[in-house]
Amino acid sequence: MTKRVYNFYAGPATLPLPVLEKAKDEFLDFAGTGMSVMEISHRSKEWMKAMDDASNLARELMGIPSEYKVLWLGGGASSQFFMVPLNLQIPGKPMEYVNTGGWSSKAIKEAKYFGEVKVIASSEDDNFTHIPKDVGFSDNIAFAHITSNNTLYGTEWSYVPSVPKDVPLVCDMSSNIMDRPIDVKDYGAIYAGAQKNLGPAGVTLVIVREDLLDRVPEKNPTMHKWKTHAEKDSMFNTPPVFPIYICKLSLEYLKENGGVKEMEKRNVEKAKVLYDVIDASDGFYKGHAKPDSRSLMNVTFTLANPELEQKCVDGGTARGLVGLKGHRSVGGMRASIYNAMSLEGVKKLAEYLKEFQAENQ
Ligand code: PMP
């Protein structure tokens, strides 16, 4: 039996074991071709089918309407930080962002290369412990941008901010895509690096409303235009075939397991197990996020001092509960409990945290 641990890393992150097993089984012979998926031409009919399947599964699972394009792009979510303003800018109109953490800040920095950026709400002053309330974007802007889940700080939006009718809302869903149902029509564009809730690193899912594709100024590099990729169904150049293939397997698995609605149910249950331990710990574990802004995906907390945190992380590792150290910019501890993390894994962690408290307080 291969050794497997409970992996709480924030991304790349745990994937469902049946997905990895299927990939292993098919590794040398993909779809009966006698070639690995890594060897086969991206123009072959077998590959084109796999890619179509991946896009159709994303459409079905998220309820993506036909007027939206589904793209699989390289360059990570970080490339979308500049591709969003590059594709959606309107000369003379500002771009509005909400700053809810390190990744929002990076997106804001890139947008500034393209024109005026207004940060209309931010939780930076209280160390990104909450999602600003009642956010509403202005008229007459090029687009509005939010980060729906803040991987480093463990906060997640529980509402869709209000946006004037003609203004597209753009959302970085890298760390919570498909953690619960959403209405794609609320958004002009959505992007998500795959390596948390979808598959491995190396591909970013971009969902964009077709009417927005013509905004991009002609004088931009071809590869940077969403339009280029939309017109060629993400096959303008060689797509990242292996990561897309694993995404396809994991979307199949998600569908077999009840889809996004079922994930929401499980995610609420999983997150509650850990937040309950934090809340019942009498301050031994301090949750970083304010209760009304808590993430279903990244549970962040601190202990009395860094030494105790390290001891807790090390004790977890010794028990096969791995990846619990918080991000270096925040410190403390973080348990990332994406769709692929089982309730069993979360319960094991909760048990451990309770024991650790009993032994160390
Ligand atoms: N946005 C969010 C919310 C993230 O969590 C991350 C990665 N952790 C990124 C963007 C950047 O993604 P990538 O490393 O794929 O560029």
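Counting starts at 1 for both ligands and their atoms, following the listed order. Side chains are part of it too, since the values below use all heavy atoms of this structure and drop only hydrogens, waters and symmetry mates.
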Less than 3.5 Å between some nitrogen or oxygen of [X] and one of ligand 1, yes or no?
{"X": "Gly75", "answer": "no"}
{"X": "Ser175", "answer": "no"}
{"X": "Thr147", "answer": "no"}

Test item: [X] side-chain N/O and [Y] main-chain N/O as donor-acceptor pair under 3.5 Å:
{"X": "Ser175", "Y": "Asn149", "value": "yes"}
{"X": "Trp47", "Y": "Val37", "value": "no"}
{"X": "Asp52", "Y": "Asn56", "value": "no"}
{"X": "Asn305", "Y": "Leu308", "value": "yes"}

Among protein heavy atoms, which sits nearest to [atom], and what does the distance come to when rounded to 0.1 Å?
{"atom": "atom 3 (C) of ligand 1", "answer": "Thr151 OG1, 3.4 Å"}
{"atom": "atom 1 (N) of ligand 1", "answer": "Asp172 OD2, 2.6 Å"}
{"atom": "atom 14 (O) of ligand 1", "answer": "Gln195 NE2, 3.5 Å"}
{"atom": "atom 16 (O) of ligand 1", "answer": "Ser78 OG, 2.6 Å"}
{"atom": "atom 12 (O) of ligand 1", "answer": "Ala77 CB, 3.4 Å"}
{"atom": "atom 8 (N) of ligand 1", "answer": "Lys196 NZ, 2.8 Å"}

*Between His288 and Tyr153, what is the ring plane arrangement, given parallel below 30°, perpendicular above 60°, and tilted in between?*
tilted
*Look at the rings of Phe143 and Tyr97 and say which category their plane angle falls in: under 30° parallel, 30 to 60° tilted, over 60° perpendicular.*
perpendicular
_For the OG atom of Ser66 and the CD atom of Glu210, what is their distance to the nearest 0.5 Å?_
8.0 Å
*Please could you name the atoms of ligand 1 that Gly76 approaches to less than 4.0 Å, counting only its heavy atoms?*
15 (O), 16 (O)
*If you count the atoms of ligand 1 from 1 in the order shown, which ones are under 4.0 Å from a heavy atom of Ser174?*
1 (N), 2 (C), 3 (C), 4 (C), 10 (C)
Any [X] heavy atom less than 4.0 Å from ligand 1:
{"X": "Gln80", "result": "no"}
{"X": "Lys106", "result": "no"}
{"X": "Asn149", "result": "yes"}

*Is the closest side-chain heavy-atom distance between Phe30 and Met38 below 4.5 Å?*
no
*Carboxylate-amine/guanidinium proximity below 4.0 Å for Lys93 and Glu116*: no
